[in-house]
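All ligand and atom numbering here is 1-based and tracks the order in the structure.
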Amino acid sequence: MSIFNYREQPGYFKRMKDAFQVTAQDINHQLSRLTGTAESPITEEQIEDLEETLLGADMGVQTTEHLLGKIREATAGDRFITRQQVKRLIRRELLQILGESEGPLDRALSRKDLSVVFVVGVNGVGKTTTIGKLARLYQGEGKKVLFSASDTFRAAAVEQLEIWGERTQSPVIKQSPGADPAAVLFDAIAAGRARAADIVIVDTAGRIHTKSNLMQELEKMSRVASREIEDGPHEVFLVLDATTGQNGLVQAREFLRSSGVTGLIVTKLDGTAKGGILIAIARELHIPIRYIGVGEKVEDLLVFDPEAYIDTLLQIGDQDR
Ligand code: GDP
């Protein structure tokens, strides 16, 4: 999949549909129960049923209440609106929330010189897998990728990264366990230059029990990146696990406070009934969602497109907009 024309590729919408199938089914099942004719206008009871479904999809209380308020407004005073109009109304409101989410294209791709991409997040969210997927995506754009094993805290982290290094044929720059993560980064940047690589993807530690150390460590790495390369780090992607709901949002705020996050990557969206979480994330964190993880394989990373996402959730086709 090319990052630049992902929408034109036939597989993109199909893969979005597959990933959000359960959530879309739940929402549309409920929407299909809205009557919305002159003889039988939408009732308060129907609106309340919709509330349960939107909350169940993890869209968040604020967004759900906002949407219901808009529907109530539109149906007030015995005015009748159709199911199609309700869908369009929801689409418009959700697009407004996600609008901010449409960030600039991955900066690591628009540079000619070596770029540095940090990948941060709590252990277990899918960070290492995402690094492998990102490498594959970048390679698809003709970029030469190299990994910096800067989670020196866990020996297993380096081993995991090496597995993804092999899978994607990306060299891994490492030191012994316990080494200074910033020193590994320094080496990786030097190696990147020496080998004429395009992008250094940096794995970072994700232990939360020593949070302040972790944040200091990330800040130190940022300083090294900016000292060694103009405008570095070029992207700092925070990886969030879609299945952790509100907990994930709390963790995210910790990272946002100190690590200069430029974009979010939300993983494990495949098969979940909670696919509305992206709306809650966008609404609460105000950081663009850049990619989404829709499976465990190396190709299971999609560019996040707010419009395609909303249309998938609401099962809206070209003719319905
Ligand atoms: P890390 O500790 O953050 O580096 O997490 P890992 O990359 O080791 O991933 C933790 C688990 O999540 C592994 O079993 C991965 O296969 C799984 N995983 C990662 N991303 C996705 C995804 O998008 N979908 C699914 N279903 N599983 C994922």
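Leu95 contributes atom CG, which lies 4.0 Å from atom CD1 of Ile310 (distance to the nearest 0.5 angstrom).
Summarising the geometry of Val125 relative to Val239, their closest heavy-atom pair is CG2-O, 3.6 Å, with the distance given to 0.1 Å. What you find for Gly263 and Arg290 is that their closest heavy atoms are CA-CG, 3.8 Å. Taking every heavy atom of both residues into account, Ile277 and Tyr309 meet most closely at N-OH, 4.4 Å.
Here is the list of ligand 1 atoms found below 4.0 Å of a heavy atom in Gly126: 1 (P), 3 (O), 5 (O), 6 (P), 7 (O), 9 (O), 19 (C). Which parts of ligand 1 touch Val294 is read off a 4.0 Å heavy-atom cut-off, strictly below it: atoms 23 (O). Near Val125, with a cut-off below 4.0 Å to any heavy atom, the atoms of ligand 1 are 3 (O).
Of all protein heavy atoms, the one lying nearest to atom 16 (O) of ligand 1 is Glu296 OE2, 2.5 Å. Of the protein's heavy atoms, Lys133 NZ, 3.9 Å lies nearest to atom 20 (N) of ligand 1. At the shortest separation from atom 4 (O) of ligand 1 among protein heavy atoms lies Thr128 OG1, 2.4 Å. Distance from atom 8 (O) of ligand 1 to its nearest protein heavy atom, with residue and atom name: Gln160 NE2, 3.9 Å. Regarding atom 10 (C) of ligand 1, its nearest protein heavy-atom neighbour is Gly124 O, 3.7 Å. Distance from atom 3 (O) of ligand 1 to its nearest protein heavy atom, with residue and atom name: Lys127 N, 2.7 Å.
When Gly295, Gly132, Gly121, Gly293 are checked for heavy-atom proximity to atom 21 (C) of ligand 1, Gly295 turns out nearest.
Remark: ligand 1 and Lys268 share an N or O pair separated by less than 3.5 Å (distance only, no angle test). Here's the thing with Thr129: one of its N/O atoms is less than 3.5 angstrom from an N/O atom of ligand 1.
For residues 52-61, the side chain to side chain donor-acceptor pair (under 3.5 Å) pairs, not counting sequence neighbours, are Gln30-Thr53.
Counting heavy atoms of neighbouring residues, nucleotides and ligands inside a 6.0 Å radius, atom CZ of Arg167 exceeds 12 of them.
Within the 4.0 Å heavy-atom cutoff, Asp270 counts among the residues contacting ligand 1.
Residue Ser115 forms a side chain to side chain contact (heavy atoms under 4.5 Å, CB included) with just one option from His234, Glu235, Arg107, Lys143, and that option is His234.
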Can you give the donor-acceptor pairs under 3.5 Å from side chains of residues 189-201 to other protein atoms, not counting sequence neighbours?
residue	atom	partner	partner atom	Å
Arg193	NH2	Glu228	O	2.7
Asp198	OD2	Lys144	N	2.6

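When heavy-atom distances to ligand 1 are checked against a 4.0 Å cut-off, Asp300 has no atom that comes that close, whether in backbone or side chain.
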